[in-house]
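Have a look at the structure below, then the notes.
Values below: every heavy atom of this structure, side chains too, minus hydrogens, waters and symmetry copies.
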Amino acid sequence: EIIKDSPYITKDMKFQSAYTLNMDDKNTTIVKLSSQFAGLKSDKVLFDGFSQAVTQTIMKNFPNVQAVVIQIDGETTAQ
């Protein structure tokens, strides 16, 4: 819901999937977003804030998750 409720998100920006893997002995949630999210990366402050909000929300609601990786069309931003 955090993605849907943001005023910076357009209707073309889509959440594609999320899943948790064990990576480097950590439960890591991978969040995949559509390529339309790439435009957010042009504003580093906005993108970092968005990434932190997504990461904090996931880690707060899923205490077994130890790391979050946000992927935008193959690009990876580790959090």
Side-chain angles (χ1 to χ4, degrees):
E1 289 303 309
I2 190 172
I3 292 172
K4 294 178 185 174
D5 293 339
S6 173
Y8 301 102
I9 305 303
T10 68
K11 64 181 179 180
D12 296 328
M13 295 174 161
K14 303 287 185 200
F15 164 83
Q16 293 180 328
S17 65
Y19 51 91
T20 301
L21 302 173
N22 189 318
M23 297 172 59
D24 299 323
D25 293 324
K26 291 182 183 176
N27 284 334
T28 303
T29 295
I30 311 296
V31 177
K32 291 194 172 194
L33 305 173
S34 67
S35 62
Q36 287 77 10
F37 278 88
L40 269 178
K41 290 186 92 172
S42 63
D43 185 331
K44 181 171 175 28
V45 172
L46 181 61
F47 184 75
D48 286 351
F50 173 79
S51 298
Q52 288 173 7
V54 170
T55 298
Q56 289 171 0
T57 299
I58 290 170
M59 293 181 85
K60 177 181 175 185
N61 291 299
F62 301 95
N64 63 321
V65 173
Q66 298 162 311
V68 176
V69 175
I70 298 174
Q71 293 181 342
I72 300 175
D73 266 7
E75 290 184 18
T76 302
T77 302
Q79 299 296 319

Nearest atoms (heavy-atom pairs only) where Ile72 meets Ser34:
CG2-O, 3.5 Å

Who are the salt bridge (charged side-chain N to carboxylate O under 4.0 Å, His left out) partners of Lys60, not counting sequence neighbours?
none

What closest approach, in Å, do Met13 and Phe37 show between heavy atoms, and which atom pair accounts for it?
CB-CE1, 3.4 Å

Would a 4.5 Å heavy-atom cut-off, applied to side chains only, mark Phe15 and Val54 as touching?
no

Taking only residues two or more places apart in sequence, or in another chain, which ones meet Gln16 in a side-chain hydrogen bond (donor to acceptor under 3.5 Å, both in side chains)?
none

Per-pair distances, 0.1 Å, donor-acceptor, side chain in residues 23-32, under 3.5 Å, sequence neighbours excluded:
residue: Asn27; atom: ND2; partner: Asn64; partner atom: O; Å: 3.1
residue: Thr28; atom: OG1; partner: Lys26; partner atom: O; Å: 3.3
residue: Thr29; atom: OG1; partner: Thr20; partner atom: OG1; Å: 2.9

